[in-house]
Amino acid sequence: MRIGIIGTGHIGGNVARQAVRAGHEVILSFSRHPESLRDTATALGPAAIAGSPADAVTETDLTVLAVPWSAIDEALDQAGVLSGRIVVDTTNRFGAGPGPAAGQTAAEYNAARMPGARYTKSFNTLTARFQAEVADREPETRVVQWLCGDDADAKQTVAAFVDSLGYLAIDLGGIADCAVMESPRRPGAVYGEEYRRADAEAVVAAVRAGRPVPPLPSYY
């Protein structure tokens, strides 16, 4: 696939590196220093190019939004029309900027900022450093990247992408039901924690049944 990356910091940069390693092409975008985008693309090799956020939307199969919370509006303004485009939101609500209302997930809030987008959320629960360290483990120890969204076909495409990078995509459900995968790290949530298949499937069952998630797993 051709992957658009809006924001090439820690999370976006790791997704770009893993995508190129997996055989995808990437378009890197959104930097206050365009020369740094070109340098990053050069370092990644011929499968990577620098472009604009609009290029990262219109010239790709899916777009990864990986900017600080306070920069989301600016990034979306530069990205342009998202209608019909698959977007993977990796952001977490830290720092300045407006946020969701009481009882609203951050995914619901951000999806409303992207009218018409085929919105999904993933890559947001683990640090970029950890994601880089654990990419492409053996199947039985692969680390979960949680996934939510209301568009089943979009989630299938994103899950295939996530899996191609060496992680295990686990669908947690719709954007109204994904609070447990959102920041901050806290009891009763999966944010900030490592999960593997069996424990992740137990979490999904609990969320769908309206029960608290099981106790945190321990793999050490």
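These numbers come from a predicted model, not from an experiment.
In this structure, S29 contributes its side chain and I5 its backbone to a donor-acceptor pair below 3.5 Å. T63 contributes no side-chain N or O that, together with a main-chain N or O of V87, makes up a donor-acceptor pair within less than 3.5 Å. At distances below 3.5 Å, not a single donor-acceptor pair connects side-chain atoms of E201 with backbone N or O atoms of A198. Not one N or O on the side chain of N92 forms a donor-acceptor pair closer than 3.5 Å with the backbone of F94.
Atom CZ of R197 sits in a sparse spot, with 12 or fewer heavy atoms from other residues, nucleotides or ligands closer than 6.0 Å. Within 6.0 Å of CD on Q156 lie no more than 12 heavy atoms contributed by other residues, nucleotides or ligands.
Note on I86 and V15: same hydrophobic cluster, where clusters join Ile, Leu, Val, Met, Phe, Trp and Tyr whose side-chain heavy atoms are under 4.5 Å apart, directly or indirectly. Using a 4.5 Å cut-off between side-chain heavy atoms of Ile, Leu, Val, Met, Phe, Trp and Tyr, with links allowed through other members, F130 and L147 fall into the same hydrophobic cluster. Hydrophobic clustering of Ile, Leu, Val, Met, Phe, Trp and Tyr side chains at less than 4.5 Å, counting indirect connections, unites L126 with V158. Under the 4.5 Å side-chain heavy-atom criterion for Ile, Leu, Val, Met, Phe, Trp and Tyr, F123 and I6 are members of distinct hydrophobic clusters. Cluster membership for V57 and I3, using ILVMFWY side-chain heavy atoms within less than 4.5 angstrom, is not shared.
To the nearest 0.5 Å, the span separating CG on L62 from CE on M1 amounts to 5.0 Å. Atom-to-atom distance recorded for T157:OG1 and D151:CG is 8.5 Å, nearest 0.5 angstrom. Atom CD of residue E35 and atom OG1 of residue T40 lie 10.0 Å apart, to the nearest 0.5 angstrom. Here CG of L82 is found 12.0 Å from CZ of R113. Values are rounded to the nearest 0.5 Å. In this structure, CE in M181 is found 5.5 Å from OG in S122, a value given to the nearest 0.5 Å. Taken from OH in Y167 to CZ in F161, the straight-line distance is 9.5 Å, to the nearest 0.5 Å.
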Next item on the list: Applying side-chain contact (heavy atoms from CB on, under 4.5 Å), run through R185 and E193 and close with a yes or a no.
Entry: CA-CA 8 Å; R185 191 176 190 179; E193 308 294 345; 2.8 Å; yes
Next item on the list: Report the C-alpha distance between K155 and D171 in whole Å, list the side-chain angles of each, state the deciding distance to 0.1 Å, and finish with yes or no for salt bridge (Lys or Arg N to Asp or Glu O under 4.0 Å).
Entry: CA-CA 8 Å; K155 285 196 290 185; D171 183 356; 2.9 Å; yes
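Residues L216 and A189 come closest through the heavy atom pair CD2-O, 4.0 Å. Taking each heavy atom of I175 and A107 in turn, the nearest pair found is CB-CB, 3.9 Å. Across every non-hydrogen atom of D163 and A169, the tightest pair is OD1-N, 2.8 Å. For the residue pair T8 and L37, the shortest heavy atom distance occurs at OG1-CD2, 3.6 Å. Here the closest heavy-atom approach between residue G188 and residue V180 is recorded as O-CG1, 3.7 Å. Scanning both residues, Q18 and A132, for their nearest heavy atoms gives NE2-CA, 4.0 Å.
In this structure, the side chains of D177 and L172 stay at 4.5 Å or more apart for every pair of heavy atoms. V143 places none of its side-chain heavy atoms less than 4.5 Å from the side chain of L168. A 4.5 Å side-chain heavy-atom check between V204 and I170 finds at least one atom pair inside the cut-off. Between N110 and T91, some side-chain heavy-atom pair lies under the 4.5 Å cut-off. Considering only heavy atoms from C-beta on, H24 comes within 4.5 Å of L165 through its side chain. At least one side-chain heavy atom of R196 sits less than 4.5 Å from a side-chain heavy atom of R137. The closest side-chain heavy-atom distance from V26 to R17 is not below 4.5 Å.
Under a 4.0 Å N-O distance rule, the pair R142/D136 qualifies as a salt bridge. Between R2 and D61 there is no salt bridge, since no side-chain N of the basic residue sits under 4.0 Å from a carboxylate O of the acidic one.
For the residue pair Q131/Q145, the side-chain donor-acceptor check at 3.5 Å is satisfied.
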Exercise answer: donor-acceptor pairs, residues 48-56 side-chain atoms, under 3.5 Å, sequence neighbours excluded:
unit_1	atom_1	unit_2	atom_2	d
S52	OG	A54	N	3.4
S52	OG	D55	N	3.1
S52	OG	D55	OD2	3.1
D55	OD2	S52	N	3.0

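Applying the ring pair (Phe, Tyr, Trp, His ring centres under 6.0 Å) criterion to Y195, with sequence neighbours excluded, gives W146. Taking S31 as the reference, S36 meet the side chain to side chain donor-acceptor pair (under 3.5 Å) condition, with sequence neighbours excluded.
Cation-pi geometry between R186 and Y191 is not satisfied (NZ or CZ under 6.0 Å from the ring centre, within 45° of the ring normal).
Exactly one of V88, D89, L65 qualifies for a side-chain contact (heavy atoms from CB on, under 4.5 Å) with K121. That residue is D89.
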